[in-house]
Novice: 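Here it is: the structure, laid out below.
The model shown is predicted, which means the values in this text are computed figures rather than measured ones.
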Amino acid sequence: MAMRQTPLTCSGHTRPVVDLAFSGITPYGYFLISACKDGKPMLRQGDTGDWIGTFLGHKGAVWGATLNKDATKAATAAADFTAKVWDAVSGDELMTLAHKHIVKSVDFTQDSNYLLTGGQDKLLRIYDLNKPEAEPKEISGHTSGIKKALWCSEDKQILSADDKTVRLWDHSTMTEVKSLSFNMSVSSMEYIPEGEILVITYGRSIAFHSAVSLDPIKSFEAPAPINSASLHPEKEFLVAGGEDFKLYKYDYNSGEELESYKGHFGPIHCVRFSPDGELYASGSEDGTLRLWQTVVGKTYGLWKCVLPEEDSGELAKPKISFPETAEEELEEIASENSDSIYSSTPEVKA
């Protein structure tokens, strides 16, 4: 008897959701931040999707967002030519880092003392957050706008991607170590510290490379153009989503497609596994985030495993009910938000 995947829908954004990131596991669980073209990044409880607050202050679309490991700080990258650092507990804006063009990517070092940024001006910048008045270190070499920039190898190296190139840099010498060229636009890049694996998507390809050497490990082809992919922490599965509105789950070792299902009402822009691997989140052109179970039928978060009724064909249902149509879903989401989360929880404001 097949078990149906029932996602949890996280509403609140009014424009496409273009980036998301999980924190590490903290004494209070783990957290999820989302970047959206509405200019209002949101913080949520990671395992339930419950809204915690909205960071207010950007004057343009937010293209990138991240949390440090213990979820005490957040950083955002925006079209208003700034990156901002926030206190993720109080919601206060800690600093605004002015750039000369649109900022697309932000990433903290493991100790949260430095912030790496990248954007349309083709420069990588490293800010010392303990010296906000100091000028950032700059690394040049990209020939088009930077889409993603990540610390790797215990912050000793940096990975960055522009339109058709991925580059590896040495942090101490600020020089390029190696680069990869692609014949089509790179759509996403994820770094897995355990095993030093780099996940790159371009066209219909999901490619895995060594983050230390950029040497290829393996690659898979999907049925449609892929915008984002994420590898499970245990490296058993990977999930991917893209232009056909579908989410795909693959066996990492064999490349076999395990599941596929329509996940959103628009192209999927970002997908990431939670730090414990129990769920993954996806963000879409439709303005929503959705949470999906890695193993359908498990009791976890808002999902509760219940015994099936007579031939119902469903072994796992969330504790909350879901409407059958998109129209009903949107009406119910709007009602729930106005009556519960948004009225009972004060908004995090800068």
Side-chain angles (χ1 to χ4, degrees), residues 7-24 26 28-68 70-80 82-94 96 103-108 228 263-266 268-275 279-292 301-302 329-330 333-350:
L8 303 176
T9 302
C10 306
S11 63
H13 284 301
T14 58
R15 297 284 309 282
V17 178
V18 291
D19 192 27
L20 60 89
F22 284 101
S23 72
T26 78
Y28 306 98
Y30 60 88
F31 300 87
L32 171 64
I33 191 170
S34 53
C36 180
K37 289 185 181 180
D38 63 10
K40 298 176 181 178
M42 290 186 175
L43 182 68
R44 300 178 185 272
Q45 190 72 36
D47 60 342
T48 64
D50 287 342
W51 177 85
I52 295 172
T54 301
F55 298 103
L56 299 179
H58 279 296
K59 295 180 174 63
V62 176
W63 287 102
T66 192
L67 293 165
N68 64 352
D70 59 6
T72 56
K73 289 181 182 178
T76 50
D80 60 8
T82 70
K84 290 181 184 287
V85 180
W86 313 80
D87 183 318
V89 180
S90 68
D92 294 333
E93 181 182 315
L94 299 177
T96 295
V103 191
K104 286 289 188 77
S105 180
V106 280
D107 194 33
F108 288 106
S228 183
H264 287 273
F265 300 109
I268 295 165
H269 293 310
C270 45
V271 58
R272 285 291 179 269
F273 272 105
S274 63
L279 61 80
Y280 45 99
S282 56
S284 167
E285 183 76 15
D286 66 15
T288 66
L289 282 163
R290 296 188 185 224
L291 305 182
W292 310 81
L302 293 181
E329 181 179 56
L330 292 173
I333 287 168
S335 173
E336 286 178 356
N337 285 346
S338 62
D339 294 341
S340 58
I341 297 174
Y342 283 83
S343 59
S344 62
T345 308
E347 200 168 54
V348 175
K349 295 184 179 181

Novice: Could you check Met42, His269, Arg15 and say which one makes a side-chain contact (heavy atoms from CB on, under 4.5 Å) with Cys36?
Specialist: Arg15

Novice: Rounded to the nearest 0.5 Å, how far does CG of Leu56 lie from CH2 of Trp86?
Specialist: 7.0 Å

Novice: Quick check: does any side chain N or O of Asp87 sit under 3.5 Å from a backbone N or O of Val89, one acting as donor and the other as acceptor?
Specialist: yes

Novice: Taking all atoms of both residues into account, what is the closest heavy-atom pair of Ala88 and Leu43, and its distance?
Specialist: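 Minimum heavy-atom separation between Ala88 and Leu43: O-CD2, 3.5 Å.
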
Novice: In Å and rounded to the nearest 0.5 Å, what is the CG to OG distance from Asn68 to Ser23?
Specialist: 8.0 Å

Novice: Does any N or O in the side chain of Asp80 come within less than 3.5 Å of the main-chain N or O of His58, such that one atom is a donor and the other an acceptor?
Specialist: no

Novice: Which heavy-atom pair separates Gly46 from Phe22 by the least distance, and what is that distance?
Specialist: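 Heavy atoms of Gly46 and Phe22 come nearest at O-CE2, 4.1 Å.
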
Novice: CG/Leu32 to CZ/Arg272 distance, rounded to the nearest 0.5 angstrom?
Specialist: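 Between atom CG of Leu32 and atom CZ of Arg272 there are 11.5 Å.
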
Novice: Can you name the side chain to side chain donor-acceptor pair (under 3.5 Å) partners of Thr26, sequence neighbours left out?
Specialist: none

Novice: Search all heavy atoms of Gly24 against all heavy atoms of Pro275 and return the closest pair with its distance.
Specialist: C-CG, 4.3 Å

Novice: Can a donor-acceptor pair be found, under 3.5 Å and without considering hydrogens, that links the side chain of Ser284 to the backbone of Gly266?
Specialist: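 Yes, because the side chain of Ser284 sits within donor-acceptor range (under 3.5 Å) of the backbone of Gly266.
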
Novice: Which atom pair, heavy atoms only, marks the closest approach of Val271 to Ser228?
Specialist: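 Closest pair (atom of Val271, atom of Ser228, distance): N-OG, 3.1 Å.
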
Novice: For the atom pair CG (Asp107) and CG (Leu67), what is the distance rounded to the nearest 0.5 Å?
Specialist: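 Result: 11.0 Å between the selected atoms.
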
Novice: How far apart are the closest heavy atoms of Ala65 and Thr76, and which atoms are they?
Specialist: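 Scanning both residues completely, I find the closest heavy atoms to be CB-CG2, 4.1 Å.
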
Novice: Find out whether Ser274 and Asp47 are in side-chain contact, i.e. whether some heavy atom of one side chain is under 4.5 Å from a heavy atom of the other.
Specialist: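 A side-chain contact under 4.5 Å is absent here.
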
Novice: Say you draw a straight line from CD of Gln45 to CG of Leu302; how long is it, rounded to the nearest 0.5 Å?
Specialist: 10.0 Å

Novice: Can you give me the closest heavy-atom contact between Val18 and Lys37, atom names plus distance?
Specialist: CG1-CE, 3.9 Å

Novice: Passes side chain to side chain contact (heavy atoms under 4.5 Å, CB included), Lys40 versus Val62? Steps please.
Specialist: CA-CA 7 Å; Lys40 298 176 181 178; Val62 176; over 6 Å; no

Novice: Report yes or no: does Glu93 contribute a side-chain atom to a donor-acceptor pair with the main-chain N or O of Phe55 at less than 3.5 Å?
Specialist: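 Judged by distance alone, no pair lies under 3.5 Å.
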
Novice: Taking atom CZ of Phe31 and atom CG of Asp70, what is their separation to the nearest 0.5 Å?
Specialist: 10.0 Å

Novice: Would you say NZ of Lys73 has more than 12 non-hydrogen atoms from neighbouring residues, nucleotides or ligands within 6.0 angstrom?
Specialist: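 Buried by this count: over 12 neighbours within 6.0 Å.
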
Novice: Under 3.5 Å, side chain of Thr82 to main-chain N/O of Lys84, donor-acceptor pair present?
Specialist: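 It does not hold such a pair.
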
